[in-house]
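Read through the structure below, which is laid out as structure tokens, and then see the notes.
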Amino acid sequence: MSERKLFGTDGVRGLANTYPMTADMALKLAAAAGRHFRLDQKEHRVVIGKDTRRSSYMLEYAMTAGFASTGMSVLLLGPVPTPAVGILTKSMRADVGVMISASHNPHHDNGIKFFGPDGFKLSDAAEAEIEAAVLGDAPVDLARPENIGNAKRIDDALGRYIEVAKTAFPRRRLLEGLKVVVDCANGAAYKAAPIVLWELGAEVIPVGTSPDGFNINAGCGSTHPETAAQTVVAHQADVGLTLDGDADRIIVIDETGRVADGDQIMGLIAGLWATEDRLARGTLVATVMSNMGLERHLADQGLTMVRTGVGDRYVVEAMRKGGFNLGGEQSGHIVMSDYVTTGDGLMAGLQFLAAMVESGRPASELARVFAPFPQLLENVRFAPGRDPLGDSRVRAAIDGANRTLGNAGRLLIRKSGTEPLIRVMVEAEDDTLVKTVVGEVAAAVRAAA
């Protein structure tokens, strides 16, 4: 497949009101997607959700026009978590779903993610066809005047998601007696997450629940867990759950303020599900970024870890292909296909809370199920038009790093799918070795950037 110009590892993303995140491009993407899914003159539907960014309103209206122009009826969900779009696309019998969000990025970025009628994110092939229609010379075939689609707001979309989310917590169990900090990053779950926890009986301390269009992910949420950690300690809470802007990832904070990443959460859930004979084929799917300590921990329990490329879409693809029901990323995307089609931070958090309730153990014991290998990631920004990974100095540094590490560790270097960054990650049992190798490779990349 040729290199794509619009779609990255998680839809189309960029600086709001700048190509490709303009109203014009959003309209064209919607029209192309509408034509891709509407192959006859019958009624067809699309559901559109969004996060709390100011620019999400602009893109929502543009996409509504684009879809309607090809005869698609548009169902507007309003601000909802990304997994809600996957859930409601399927339950409302829509042909396609859209989430307008740049996830954990700052407010000035935005993105567009597409879901198929089965509630899963679109395949690479489907995205390539939509991209070709947008960038091609032939105009999109528009609907006849009598077939133009309409638009309708779904007032109870959030309530529908809330009821589904609660299924991730055991029936006949409650969170009574637990004080829970939930940081919603001023994002899409700012209403849903506190409501779910309160309805399940927790004493809820909300953080990041006052979105103003510009404060999404700003000093809060899973990318800034220190805010929730400080709140947990200050309020002597039992645990903290931190979500990102579209609530498809989670980071857990124990009662001491210590952070547990996605690897620790996946390790906990995998172990619990295995003991309950719920872990399909005894396998967890994770990406190349997940810690080697997690892999060793699973192996000690007789479990298997399958690695994929970076991006929850590739995790889900491997899960579907292999018949697995648990996967995710170190960053906090946890995919539990028994419940939902994509990463869901709130549902993963409910699994963690269920473990606390059923075991009677504190978060600090459950949030560290394995000792991680020292791991260091450094991001190096590069200028437009540059290709640092093709530079001979960088290739030489990579070869040297691999020789130095040998079998004692590993180097992962890759280009970000959402930002102009080269990510340099090194992992080994020796912390000094990790820092040295990262420094050398990052310096070479910086010189070529």
Side-chain angles (χ1 to χ4, degrees), residues 1-14 20-21 25-40 42-50 59 62-64 66-75 77 82-103 110-143 149 246 248 308-322 327 333 335 337 340-343 417-418:
M1 183 183 295
S2 59
E3 184 176 353
R4 297 186 293 177
K5 297 180 174 62
L6 291 177
F7 285 89
T9 56
D10 197 16
V12 182
R13 193 175 294 189
M21 278 295 100
M25 181 54 70
L27 188 150
K28 291 178 179 177
L29 279 165
R35 180 48 58 198
H36 178 82
F37 285 95
R38 187 174 187 267
L39 302 177
D40 53 44
K42 297 178 181 179
E43 181 183 359
H44 291 263
R45 297 175 176 178
V46 54
V47 299
I48 300 179
K50 63 184 179 183
L59 298 174
M63 297 199 79
T64 298
F67 278 115
S69 73
T70 58
M72 301 283 282
S73 293
V74 184
L75 305 176
L77 307 180
T82 285
V85 174
I87 292 167
L88 294 176
T89 298
K90 184 177 181 180
S91 72
M92 299 183 78
R93 293 3 180 223
D95 300 272
V96 59
V98 174
M99 179 64 182
I100 301 171
S101 174
S103 189
N110 217 325
I112 297 170
K113 311 174 189 182
F114 289 95
F115 291 79
D118 56 2
F120 289 93
K121 290 181 182 178
L122 291 190
S123 66
D124 286 341
E127 288 184 345
E129 289 183 21
I130 293 171
E131 180 173 299
V134 172
L135 301 179
D137 296 328
V140 172
D141 185 22
L142 301 179
D246 66 338
D248 65 353
T308 73
V310 176
D312 65 316
R313 62 181 295 117
Y314 303 117
V315 170
V316 173
E317 286 176 6
M319 290 172 65
R320 299 180 74 185
K321 183 177 180 179
H333 287 114
V335 184
S337 59
V340 70
T341 59
T342 187
T418 59

Partners passing salt bridge (Lys or Arg N to Asp or Glu O under 4.0 Å) against [X] (at least two apart in sequence or in another chain):
X      : answer
Lys90  : none
Asp118 : Arg320
Glu317 : none
Lys113 : Asp10, Asp246, Asp248

Carefully, step by step, assess Arg313 and Asp124 under the rule side chain to side chain contact (heavy atoms under 4.5 Å, CB included). CA-CA 9 Å; Arg313 62 181 295 117; Asp124 286 341; 3.0 Å; yes

Check side chain to side chain contact (heavy atoms under 4.5 Å, CB included) between [X] and all other residues, then give those that pass, not counting sequence neighbours.
X      : answer
Ala133 : Ala32
Val340 : Pro83, Ile87, Asp344, Met347
Ala84  : Val80, Pro81, Tyr161
Ser73  : Glu43, Asn150

If you compare all heavy atoms of Val140 against all heavy atoms of Ala31, which two are closest, and at what distance to 0.1 Å? CG1-O, 3.7 Å

Begin from the C-alpha positions of Val316 and Lys121 and carry the test side chain to side chain contact (heavy atoms under 4.5 Å, CB included) through to its verdict. CA-CA 9 Å; Val316 173; Lys121 290 181 182 178; over 6 Å; no

Classify the angle between the aromatic ring planes of Phe114 and Phe7 as parallel (below 30°), tilted (30 to 60°) or perpendicular (above 60°). tilted

Any side-chain heavy-atom pair from Ile130 and Leu122 closer than 4.5 angstrom? yes

Could you work out, with side-chain hydrogen bond (donor to acceptor under 3.5 Å, both in side chains) as the rule, every residue matching Thr342, not counting sequence neighbours? Asp312

With rounding to the nearest 0.5 angstrom, report the CE to CG distance, Met21 to Leu29.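 So the CE of Met21 and the CG of Leu29 are separated by 6.5 Å.
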
Is it the case that the side chain of Arg93 and the backbone of Arg45 share a donor-acceptor pair, with hydrogens and angles ignored and the cut-off at 3.5 Å? no

N/O donor-acceptor pair under 3.5 Å between Arg38 side chain and Met72 backbone: no

Checking Lys50 against Met63 for the side chain to side chain contact (heavy atoms under 4.5 Å, CB included) test, could you report, in this order, the C-alpha distance in whole Å, the side-chain angles of both residues, the deciding distance, and whether it holds? CA-CA 11 Å; Lys50 63 184 179 183; Met63 297 199 79; over 6 Å; no

